There are 2 protein chains.
Amino acid sequence: MADPKAGANPLFLRDEDLRAAIELLFFGYRDFTARADVILAKQGFGRAHHRVIYFVGRHPGITVSSLLDILGITKQSLSRVLSQLVRENYILQKKGTQDGRQRLLYLTDKGHELEKLLTTEQRARIAAAYKDAGAVAVDGFRKVMLGIMNDSARRRFKTPEK
Amino acid sequence: MADPKAGANPLFLRDEDLRAAIELLFFGYRDFTARADVILAKQGFGRAHHRVIYFVGRHPGITVSSLLDILGITKQSLSRVLSQLVRENYILQKKGTQDGRQRLLYLTDKGHELEKLLTTEQRARIAAAYKDAGAVAVDGFRKVMLGIMNDSARRRFKTPEK
DNA sequence: ACGATATGTCAACAGTGCTGACGTATATGG
DNA sequence: CCATATACGTCAGCACTGTTGACATATCGT
């Protein structure tokens with residue numbers, strides 16, 4: 001694009017720029033998830049399984065309700081994939097010690113293995129894109145993505161959760 | 001197991017940074033599409049309908065096979081939503097003049113209306129995020145998203161296609 | 001003891017991918 | 001002109017994932 005979109009007039013957003021952004025998100029997200037989808041299909045799993053595996057790996061001991069908050073789906077939808085993952089020994093449930101109603105979720109070794117298999121390619125893809133783009137671009141990417149998401153999701157990134 | 005972060009990655013890319021990127025994409029994309037999904041649901045449509053509406057609006061006169069290339073789905077999947085959109089008068093098909101086998105796709109007025117309704121909020125969301133982030137960040141966002149997507153998709157952005 | 005909360009489950013339905021199998025119209029090369 | 005390839009459409013069936021609605025059980029807190 002030989003167009004002066006930056007510089008003197010940085011806030012002037014043409015329709016073309018907005019359309020481009022929509023498409024960057026569409027193609028980027030599609031290609032980002034495509035490889036993992038293939039691996040999942042071979043195991044009889046889908047993207048929902050991946051998300052559960054991912055976030056349980058990310059937050060060991062997470063409760064079912066926290067996981068529901070993160071995923072933004074109904075408990076019935078989660079139950080379908082979660083119970084399958086527990087049954088097939090990818091995820092372990094432990095009764096909460098403070099609150100016995102809770103079922104704390106952990107990856108088993110088998111679960112860790114699958115998580116690694118699934119996200120290795122995704123991490124490599126991100127790492128390569130980050131490296132090519134450079135540190136300043138990475139910071140810009142973060143800023144824009146944070147701006148796109150809802151407040152509730154943005155808060156996850158603002159407050160260090162560990 | 002608890003901490004494989006620093007060390008392996010050049011350019012200071014910690015495991016934490018890569019995980020954050022994965023989550024930025026997940027939450028960003030999820031929230032980006034959520035509002036449009038609600039509007040679509042009210043019409044008995046889904047995200048697939050939106051994509052068809054969007055890309056036909058973007059490329060008036062596009063052929064079915066080009067649309068298939070862009071969407072990356074099978075013709076049977078496309079047919080289901082496309083024939084519905086044609087039947088309900090959102091999209092118009094014209095027989096190709098050079099090649100009579102082709103069915104060139106156009107939005108009807110009704111189609112344009114729906115497209116506008118669907119993407120107005122998305123554009124506003126992008127515009128707000130872009131404004132907050134600033135021109136430098138926008139450029140970085142573009143760079144990273146281009147780096148994440150596959151070559152074939154990236155080419156759509158490199159070569160100005162109109 | 002009682003109401004609220006955390007979780008699980010059964011059932012039905014919708015949307016959107018997929019594969020496989022055909023069918024028609026049109027273009028193109030020999 | 002004919003044979004083959006291409007563009008498009010469609011029927012059928014299956015899988016995954018989201019939804020709503022209705023219940024059920026265990027546990028917590030008062």
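Values reported hereafter were calculated over all heavy atoms of this structure, with side chains retained and with hydrogens, waters and symmetry mates removed. A, B, ... follow the sequence lines: proteins, then strands. Residue 1 opens every chain. Please read all numbers here as calculations on a predicted model, not as lab measurements.
Between A:Gln76 atom CD and C:dA12 atom C1' the separation is 12 Å, expressed in whole Å. Atom pair A:Leu105:CG and C:dA6:P shows a separation of 14 Å (rounding to whole Å applied). Put simply, NZ on A:Lys75 is 16 Å from C1' on D:dG18, counting in whole angstrom units. Summarising the geometry, the separation between CG on B:Asp37 and P on C:dG15 is reported as 12 Å, rounded to the nearest angstrom. Taking atom CD on B:Gln84 and atom P on D:dC11, their separation rounds to 13 Å, with Å as the unit. B:Arg103 places its CZ atom 9 Å from the C1' atom of C:dT26, with the value rounded to the nearest Å. In this structure, B:Ile73 atom CD1 and C:dG15 atom C1' are separated by 12 Å, rounded to whole Å. The distance between atom CG of A:Leu67 and atom C1' of C:dA6, rounded to the nearest whole Å, is 13 Å.
Listed nucleotides: D:dT17, C:dC18, D:dC28. Nearest to the side chain of A:Asp99: D:dC28. The nucleotide whose nearest atom lies closest to any side-chain atom of B:Leu82 is, among D:dT19, C:dG17, D:dG9, D:dG9. Checking D:dT17, C:dC18, C:dT26 against every side-chain atom of B:Lys95, the shortest atom distance belongs to C:dT26. Between D:dT19, C:dT16, C:dG8, one nucleotide has an atom nearer to the side chain of B:Val81 than all others, and that is C:dT16. Distance from the side chain of B:Arg47 is smallest for C:dT16 among the nucleotides C:dT16, D:dG9, D:dT19.
Take A:Phe45 and apply the ring-ring contact (aromatic ring centres under 6.0 Å, His included) test, not counting sequence neighbours, and it matches A:His49, A:Tyr90.
Between B:Arg19 and B:Glu23 no salt bridge is recorded (no basic side-chain N to carboxylate O distance below 4.0 Å).
Nearest-nucleotide positions on DNA chain D place A:Gly44 closer to the 5' end than the other of A:Thr97 and A:Gly44. Both A:Ala41 and B:Leu104 lie close to DNA chain D; mapped to their nearest nucleotides by heavy-atom distance, the more 5′-ward contact belongs to B:Leu104.
Contact annotation: A:Arg80 does not reach the phosphate of C:dA11 (side-chain N/O to OP1 or OP2, under 4.0 Å). Of the side-chain N and O atoms in A:Gln98, none sit less than 4.0 angstrom from OP1 or OP2 of D:dC28. Note on A:Ser79: every side-chain N or O is 4.0 Å or more away from OP1 and OP2 of C:dG8. At D:dC8, one or more side-chain N or O atoms of B:Ser65 fall inside 4.0 Å of OP1 or OP2 (strictly under the cut-off). Between C:dG17 and B:Thr74, no contact under 4.0 Å exists linking OP1 or OP2 to a side-chain N or O. Of the side-chain N and O atoms in B:Arg51, one or more sit less than 4.0 angstrom from OP1 or OP2 of C:dG17. The side chain of B:Thr63 contributes no N or O atom lying less than 4.0 Å from OP1 or OP2 of D:dA7.
Under the 3.5 Å distance criterion, with hydrogens and angles disregarded, no donor-acceptor pair is assigned to the side chains of B:Thr63 and B:Arg103.
Remark: A:Lys42 NZ to A:Leu117 CG distance equals 9.0 Å, nearest 0.5 Å.
Note on ring orientation: taking the six-membered ring where Trp is involved, the planes of B:His59 and B:Phe55 are parallel (angle under 30°, cut-offs 30° and 60°). Ring geometry, B:Phe27 versus A:Phe157: the interplanar angle exceeds 60°, so the pair is classed perpendicular (tilted spans 30 to 60°).
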Pairs under 3.5 angstrom, nitrogen or oxygen only, protein versus nucleotides 2-6 of chain D, please.
residue : atom : partner  : partner atom : Å
D:dT6   : O4'  : B:Arg101 : NH1          : 3.4
D:dT6   : O2   : B:Arg101 : NH1          : 2.9

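Taking the ring axis of A:Phe141 as reference, the NZ or CZ atom of B:Lys143 does not stay both within 45° of it and closer than 6.0 Å to the ring centre.
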Would B:Ile70 and B:Arg156 count as a side-chain contact (heavy atoms from CB on, under 4.5 Å) if you check the C-alpha gap in whole Å, the side-chain angles of each, and the deciding distance to 0.1 Å?
CA-CA 9 Å; B:Ile70 289 176; B:Arg156 296 185 188 287; 3.5 Å; yes
